[in-house]
Structure formats: structure tokens, C-alpha cells
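Structure provided below as C-alpha cells; questions to follow.
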Amino acid sequence: MSFLTLMIALVFVAIPLVLSKTLHLGLERDTIVATVRSIVQLLAVGYLLQFVFDSESILYIVLMIVLMIGAATENARKKGSSIPGITWKLVVTFLFVQVLTQGILLSLNIIPATAQYIIPISGMVIGNSMVLGILFLNRFTAEVGSRHDETELILSLGGTPKQAVHRPLVTSIKASIIPTIEAQKTIGLVQLPGMMSGQIIAGADPVQAVMFQLLILFLLLTTAVITSIMLGYFSYPTLFNDRMQFIKEQSNREA
């Protein structure tokens with residue numbers, strides 16, 4: 001695809017702009033900003049990746065992964081601002097998921113140890129972990145806020161903090177994982193996944209493209225489960241003080 005072809009493709013941006021203007025939706029500015037940012041950011045990343053791929057330097061690969069984790073953490077921490085220490089909790093979670101998945105992939109020779117494979121797959125893993133983290137934090141803070149009285153009752157009857165938040169915790173973990181599981185049930189029937197479609201467009205064998213896509217699906221399932229569970233068990237102890245009392249001020253912010 002040439003730059004001229006890309007410019008012609010902006011017709012798909014013009015259509016929503018015209019509709020927004022005609023129907024007075026007020027989305028013109030956001031649409032333009034989103035379009036410009038996506039063009040600048042993706043082109044910049046494209047040239048950066050080209051440099052990293054050509055250099056094949058381990059240092060550059062690590063720096064790219066660190067940049068991904070940093071950006072994911074910055075975006076996700078806003079959703080869990082009421083949870084003390086949420087930044088380091090997110091960093092540890094994203095880092096653990098990345099090390100675990102890449103460790104398995106490389107140690108079992110599932111993928112070659114090259115930037116061309118490590119960086120794109122890392123981006124998908126970290127990006128999915130970020131989305132799952134946001135889903136979990138949104139649901140968990142809402143559940144805790146709405147079940148304040150129930151939590152207090154369990155504690156007053158001698159329950160431990162873990163027992164007191166068991167239902168909100170499990171509910172939040174399940175709610176954040178279910179979309180990933182449901183999406184996998186209809187994959188290939190409702191839509192062709194992005195990675196598979198990209199490989200097919202690039203001329204790859206469709207069967208090989210399917211195999212790579214299945215690899216990513218398996219990775220994302222592990223990512224979803226580990227991210228939600230780790231964030232859950234990192235977060236719930238911060239809702240209580242040293243005397244196992246529910247911190248009301250924090251609960252009020254969440255509610």
C-alpha cells in the first residue's frame with residue numbers, strides 16, 4: 001500500500017465526519033483528533049519497528065517492551081486510582097504475564113527469538129492484559145462500593161477480609177474473563193481475527209495464518225485469567241486496615 005492509497009482511504013474518515021456534521025452529533029473534532037493521532041502514532045511506530053527489526057538488538061527489543069508496559073500501566077491505572085499502589089500492581093502484573101508467555105514461547109521454540117516475532121506478540125499480550133485490567137478494575141471498584149454493607153456484616157460476624165470480599169472479587173474476575181472466552185467461541189464464524197486477516201492479505205497460506213491466530217488466542221486466554229486473578233489478589237487487601245477493618249473512606253470514593 002502506497003501513501004497515495006492511504007490518503008484515498010481517508011474517505012472512510014470523511015463519511016462519519018459528514019454524517020456527524022449533518023446530524024449535529026458533535027463528533028467532528030474527536031474524529032479528526034483520533035485520525036491524526038492514529039496516523040502519526042502508527043507511522044512513528046512503523047519506522048521505529050523497522051529500525052529495531054533491522055538492528056536485531058536485544059536492548060532495543062527490551063526497550064520496546066518496557067515502553068509498551070509503561071503505556072499500558074499509565075492508561076489502566078486511571079481506572080483503579082482508588083486502590084492504593086495500583087501503579088506497581090499493574091506493572092508487576094503486566095511484567096509477569098509478559099515474562100511467562102514469552103518464556104514459554106521461546107523456551108519451547110514455538111516462535112523464533114527475533115524482534116519480528118517477539119515485539120508484535122508482546123504488543124498483543126500486553127494490550128490484552130491492559131484491557132482486561134481495566135475491565136476488572138472497573139467492575140471490582142463498582143462491586144465493592146455496592147456491597148459495602150454486606151462486607152461490613154461478614155466482618156462483624158468474624159469473617160476474614162478475604163471472605164468478606166469473596167463474592168465481589170470472584171464476580172469481577174469472572175466478568176472480566178468472560179468476554180475473552182465468549183469471543184473465542186465465535187471466532188472464525190462471526191469475524192476473521194486481525195492477525196489472521198493481515199497474514200492472508202500479505203499472501204500467507206491461510207492454514208498457516210489460522211495456526212498463528214490460534215497461538216494468539218491461546219496466549220490471550222492465559223493473559224485474561226492471570227491478569228484478572230493477579231490484580232484481584234493484589235487489590236483486595238488494600239481495602240482493609242491492619243485490624244481487618246473495612247476502610248470506609250476508600251469505599252466511599254469507589255461508590
When you look at Leu17 and Leu27, which way does the side-chain contact (heavy atoms from CB on, under 4.5 Å) test go after all the steps? CA-CA 7 Å; Leu17 282 175; Leu27 299 175; over 6 Å; no
Contact between Ile126 and Val97 at the side-chain level, heavy atoms closer than 4.5 Å - yes or no? no
Should Val36 and Leu10 be regarded as members of a common hydrophobic cluster, given that ILVMFWY residues are connected when their side-chain heavy atoms come within less than 4.5 Å of each other, either directly or indirectly? yes
Separation between CG (Leu42) and CZ (Arg37), nearest 0.5 Å, reads 11.0 Å
Closest heavy-atom pair, Lys21 versus Glu28, reported as atoms and distance to 0.1 Å, is CA-OE2, 3.0 Å
Compare all side-chain heavy atoms of Ile86 with those of Leu137 and state whether any distance is below 4.5 angstrom. yes
Distance col, row Ile61:CD1 vs Ile65:CD1, nearest 0.5 angstrom, shows 7.0 Å
Keeping Ser235 on the side-chain end and Gly232 on the backbone end, is there a donor-acceptor pair under 3.5 Å? no
How many angstroms lie between atom CG of Leu100 and atom CD1 of Ile226, to the nearest 0.5 angstrom? 4.5 Å
CG of Leu217 to CZ of Phe212: how many Å apart, nearest 0.5 Å? 13.5 Å
Listing request: all salt bridge (Lys or Arg N to Asp or Glu O under 4.0 Å) pairs with a residue in residues 58-78, at least two apart in sequence or in separate chains. Glu74-Arg77
Minimum side-chain heavy-atom gap Tyr233-Leu169 below 4.5 Å: yes
Nearest heavy-atom approach of Val125 to Leu220 is CA-CD2, 4.4 Å
side-chain hydrogen bond (donor to acceptor under 3.5 Å, both in side chains) partners for Thr93, two or more places apart: none
Non-hydrogen side-chain atoms of Leu231 and Leu132 separated by less than 4.5 Å: no
How close do Met64 and Leu48 get, counting heavy atoms only, and between which atoms? SD-CD2, 3.4 Å
When hydrophobic residues are tied together by side-chain contacts of less than 4.5 Å, even through go-betweens, does Val92 share a cluster with Leu67? no
I need the minimum non-hydrogen distance between Ser55 and Tyr60, along with the two atoms involved. OG-CD1, 3.2 Å
Could you report the tightest heavy-atom contact between Ile177 and Ala224, atom names first, then the distance? CG1-O, 3.8 Å
Are Leu59 and Tyr117 connected in the hydrophobic side-chain network, where two residues link if heavy atoms are under 4.5 Å apart? yes
Rounded to the nearest 0.5 Å, what separates atom CE in Met230 from atom CZ in Phe136? 12.0 Å
Sequence neighbours left out, what passes side-chain contact (heavy atoms from CB on, under 4.5 Å) with Leu108? Give chain and number order. Ile104, Ile110
Do Val13 and Leu4 belong together in a cluster built from hydrophobic side chains that touch within less than 4.5 Å? no
Quick test of your reading: applying side-chain hydrogen bond (donor to acceptor under 3.5 Å, both in side chains), list the pairs with at least one residue in residues 220-230, sequence neighbours left out, ordered by first then second residue. Ser129-Thr227, Ser176-Ser228
Quick one, Leu63 and Val52 - any side-chain contact, counting heavy atoms below 4.5 Å? no
List the steps, then state whether side-chain contact (heavy atoms from CB on, under 4.5 Å) holds for Leu25 with Leu19. CA-CA 8 Å; Leu25 300 179; Leu19 291 174; 5.7 Å; no
Once ring-ring contact (aromatic ring centres under 6.0 Å, His included) is applied, do any residues pair with Phe53, and if so which ones, sequence neighbours excluded? none
Gap between atom CG of Asn75 and atom CE of Met130 - 0.5 Å precision: 5.0 Å
Taking Leu90 as the starting point, is it possible to reach Val99 by hopping between hydrophobic residues whose side chains are less than 4.5 Å apart? yes
Backbone N or O of Pro84 within a donor-acceptor pair of the Lys89 side chain at under 3.5 Å? yes
Looking only at non-hydrogen atoms, find the nearest pair between Gln102 and Ser122 and report the distance. NE2-OG, 3.2 Å
List in chain and number order the residues that pass side-chain contact (heavy atoms from CB on, under 4.5 Å) with Val131, two or more places apart in sequence or in another chain; answer none if no residue qualifies. Leu135
Has Ser38 got a side-chain atom pairing as donor or acceptor with Thr35's backbone, closer than 3.5 angstrom? yes
